[in-house]
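As structure tokens, the structure follows; a few thoughts come after it.
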Protein chains: 2
Amino acid sequence: MIRNKSTLALVAEVAGVSLKTASRVVRKEPNVREETRRRVEHAMNEVSYRPGVAPRASVGARSFLIGLVFDNPNSSYVVDLLRGATEQTRAEGYNLVVEPIRTDDVNIVVNIKRLVIQSNLDGIVLPPPICDLDDVLSILDEFGTPYVGIGPNNNVLVNRPSIDDEAAAAAMTDYLIQLGHTDIAFVKGRARTSTTGQRLKGYERALRNSGLCRRSDFIVDGDYTFKSGLHAGEQLLRLNSAPTAIFASNDEMAAGVMTAAMKRNLIVPDDISVAGFDDSPTATMIWPQLTTVRQPIDEMSKIAVSMLVSQLRDREVASRETKVEYQLIVRDSTSSLKQS
Amino acid sequence: MIRNKSTLALVAEVAGVSLKTASRVVRKEPNVREETRRRVEHAMNEVSYRPGVAPRASVGARSFLIGLVFDNPNSSYVVDLLRGATEQTRAEGYNLVVEPIRTDDVNIVVNIKRLVIQSNLDGIVLPPPICDLDDVLSILDEFGTPYVGIGPNNNVLVNRPSIDDEAAAAAMTDYLIQLGHTDIAFVKGRARTSTTGQRLKGYERALRNSGLCRRSDFIVDGDYTFKSGLHAGEQLLRLNSAPTAIFASNDEMAAGVMTAAMKRNLIVPDDISVAGFDDSPTATMIWPQLTTVRQPIDEMSKIAVSMLVSQLRDREVASRETKVEYQLIVRDSTSSLKQS
DNA sequence: CTGAAAGCGCTTACAG
DNA sequence: CTGAAAGCGCTTACAG
């Protein structure tokens with residue numbers, strides 16, 4: 001077991017400085033003479049020193065640890081989140097602690113509390129739907145643990161990186177209207193998640209702006225899973241006056257809608273146009289490929305981390321621009337309304 | 001900032017015992033009188049004590065930290081891995097440190113080295129394709145860091161939880177043969193990954209056992225991505241004497257093959273049968289739903305963690321049964337060969 | 001700009 | 001079965 005664990009003490013000894021001075025250059029603190037800094041840096045390379053994350057975390061006010069919890073039915077979302085957060089967290093000199101949790105778990109608050117305490121987290125990033133859980137937010141407030149959410153606000157106090165979900169959903173709906181569709185249905189996302197409400201609002205706004213009437217039988221429940229999309233699609237296509245276009249508020253549900261259509265021997269997009277949201281890998285793994293809205297999850301994750309870090313540094317919430325760009329991606333699952 | 005961080009010292013004080021005794025019951029060590037144990041446990045609840053992960057990790061021989069690195073194009077695989085590892089790791093009293101890495105990164109060995117040193121890992125679990133990288137394995141051996149892989153062995157010395165990939169691939173091929181197919185093509189996985197070779201072997205074995213000839217133009221390259229499956233499908237369907245069934249060695253590639261078929265206006269499974277491997281969410285998000293082999297990733301991940309933990313405890317590699325069950329899942333993408 | 005000392009929350013020998 | 005002491009690798013006041 002040759003664990004060539006070089007310690008800060010070794011670095012200090014090799015550089016011929018005190019522990020504290022070595023610590024200063026490792027932590028990139030000011031007040032070190034340029035020549036001293038260079039000597040220490042050289043020593044660090046010499047013994048290939050890496051500051052251990054555990055000792056830093058066990059002492060002092062800051063642990064340099066940021067937590068990422070997630071509970072999302074869409075695994076590509078989780079992986080994008082993870083990659084973005086890992087990258088930015090490393091760039092900022094922090095370490096990431098991840099924890100999958102279940103929103104429907106009654107112990108969710110206890111679990112987050114345990115995570116924050118046990119790991120001594122400096123802050124935590126909360127993707128949807130966790131950032132929409134008031135219980136979680138208030139326990140973090142009580143602890144004084146800084147956090148930043150991801151996705152549209154339903155609470156003015158918290159600023160989060162997000163696309164404008166409402167505008168994006170309106171843009172997709174407008175696109176379907178431009179194709180000549182007037183009977184456009186909408187599949188809602190998971191209840192009590194802020195994206196769900198925003199996307200529905202965008203759909204309704206676009207309808208209203210074009211003078212189309214909102215039919216309540218055209219708005220059906222879903223929970224962002226494929227299965228819920230399948231059920232929603234079956235329900236919509238069973239209608240006496242069925243829609244000619246269905247906008248599902250994420251790609252997995254859109255895939256479900258497409259399956260429902262195909263089960264009825266309907267051809268997408270000739271008989272029915274289908275649109276999704278997210279541009280997840282699923283969007284291009286189904287046939288025909290899905291018209292959708294691209295959302296840069298990894299970028300949002302990076303921004304969330306850097307917002308959190310600057311909040312940690314400045315001890316106050318930065319009010320910075322947090323809207324990121326969405327993009328309408330037109331593929332083959334939508335087409336002009338055929339004259340009948 | 002009311003961080004009600006209760007320390008071991010507080011527990012000891014409340015219980016009226018020494019620090020060491022309190023430590024003993026927290027760590028579930030022997031040699032504590034039953035009554036003392038109870039008193040300490042009561043005190044732990046009283047002050048809702050949680051041992052901090054950082055201090056444990058910064059001192060002593062063991063850090064109680066297990067690493068999970070991954071680099072997989074398939075995000076559902078990653079998430080299953082993560083869930084399984086998180087669960088088992090917690091059950092064993094360990095904490096999980098995760099790190100996404102890139103196999104094609106030239107710095108991969110350096111990154112793993114850094115991870116092991118910085119986080120002071122007790123051990124690490126290596127899913128494919130990382131467990132098939134000799135460089136990584138040898139640096140870990142040099143460090144004396146225990147590891148356990150996942151997936152089929154290509155190295156007798158390492159035992160890993162896995163299904164029998166060869167047998168599973170043979171079973172799928174046999175199934176296609178039973179449906180009457182004789183012209184069965186195979187799409188290979190990523191190069192230098194052990195599953196790739198095993199699954200190919202299974203396909204070839206089944207062919208051989210049924211007296212069918214192995215056509216080299218029916219075996220095409222892939223890398224476990226949708227895109228590579230699409231290309232492979234196009235290549236196979238362009239053949240003068242095209243196959244009547246295509247077995248892609250994972251679901252994403254099978255989805256690509258199906259898209260290639262649909263682009264040529266072929267009907268699956270009437271014109272061409274398509275089978276996959278993994279039973280990932282993709283398998284049921286495409287239409288027709290995919291015939292595939294189910295592999296319990298989360299269970300394999302759990303087993304990997306518990307193997308690692310017992311290896312840590314006993315200081316020797318446990319030789320235990322590590323094969324887990326696979327399951328042939330017949331859905332709608334395969335059918336009997338039509339007489340022509 | 002630099003350092004000697006005390007401290008973080010836990011663990012490891014060791015002694016009784 | 002129990003505990004007093006030293007130690008882990010780092011950081012935080014504080015002094016010069």
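Convention: sequence-line order gives letters A, B, ...; per-chain numbering from 1.
- Partner of A/Leu81 under the side chain to side chain contact (heavy atoms under 4.5 Å, CB included) criterion, out of A/Val125, A/Asp298, A/Ile150: A/Ile150 alone.
- Rounded to whole Å, atom C1' of C/dT2 lies 9 Å from atom CZ of A/Arg33.
- Within the 4.5 Å cutoff, no side-chain heavy atoms of B/Ile130 are placed close to those of B/Tyr147.
- B/Glu99 is not listed as a side-chain neighbour of B/Asn111, based on a closest heavy-atom distance of 4.5 Å or more.
- Protein atom CZ of B/Phe64 is 13 Å distant from nucleotide atom P of C/dC10, rounded to whole Å.
- Every residue meeting the ring-ring contact (aromatic ring centres under 6.0 Å, His included) condition with A/Tyr94, not counting sequence neighbours, appears here in chain and number order: A/Phe64.
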(message) Run A/Glu35 and A/Arg39 through salt bridge (charged side-chain N to carboxylate O under 4.0 Å, His left out) and show every step you take.
(response) CA-CA 6 Å; A/Glu35 194 241 307; A/Arg39 217 167 61 227; 3.1 Å; yes

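- Using a 4.0 Å heavy-atom criterion, one finds that B/Tyr49 contacts the sugar-phosphate atoms exclusively.
- With D/dC10, D/dA4, C/dT2 as the candidates, the nucleotide lying closest to the side chain of B/Ser18 is D/dA4.
- Although no hydrogens or angles enter the test, the distance criterion places no donor-acceptor pair under 3.5 Å between the side chain of A/Asp132 and the main chain of A/Thr193.
- Here the side chain of A/Arg38 pairs no donor or acceptor atom with the backbone of A/Arg33 at under 3.5 angstrom.
- A straight line from CZ of B/Arg37 to C1' of D/dT2 spans 13 Å, rounded to a whole angstrom.
- Taking 4.5 Å as the limit, every side-chain heavy atom of A/Pro129 sits out of range of all side-chain heavy atoms of A/Arg192.
- In terms of position on DNA chain D, the residue among B/Pro55 and A/Val26 whose nearest nucleotide sits closer to the 5' end is B/Pro55.
- Distance, A/Leu10 CG to D/dC8 C1': 15 Å, rounded to whole Å.
- Contact annotation: A/Thr36 side-chain N/O to C/dT2 OP1/OP2 distance is under 4.0 Å.
- One finds no side-chain N or O of A/Ser58 lying less than 4.0 angstrom from the OP1 or OP2 phosphate oxygen of D/dC10.
- With contacts defined as side-chain heavy-atom distances shorter than 4.5 Å, the pair B/Lys302/B/Glu92 does not qualify.
- Look at CD on B/Glu13: it is 13 Å from P on C/dG9, rounded to the nearest Å.
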Contact list (N/O, under 3.5 angstrom) for nucleotides 12-16 of chain D vs protein:
| residue | atom | partner | partner atom | Å |
| --- | --- | --- | --- | --- |
| D/dT12 | OP2 | A/Arg27 | NH2 | 3.0 |

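- Here the P atom of nucleotide D/dC1 and the CZ atom of B/Arg39 are 14 Å apart, to the nearest Å.
- Distance, A/Leu19 CG to C/dC1 P: 20 Å, rounded to whole Å.
- If you take CG of A/Leu65 and C1' of C/dG9, they are 15 Å apart, rounded to a whole angstrom.
- Counting only heavy atoms from C-beta outward, the side chains of B/Leu96 and B/Val98 approach each other to under 4.5 Å.
- With the 3.5 Å cutoff on both pairing distances, Watson-Crick and G-U pairs in DNA chain D assemble into runs of at least 3 at C:1-3 with D:14-16, C:5-12 with D:5-12, C:14-16 with D:1-3.
- Contact annotation: B/Arg56 does not reach the phosphate of C/dG9 (side-chain N/O to OP1 or OP2, under 4.0 Å).
- The side chain of B/Thr21 contributes an N or O atom lying less than 4.0 Å from OP1 or OP2 of D/dG3.
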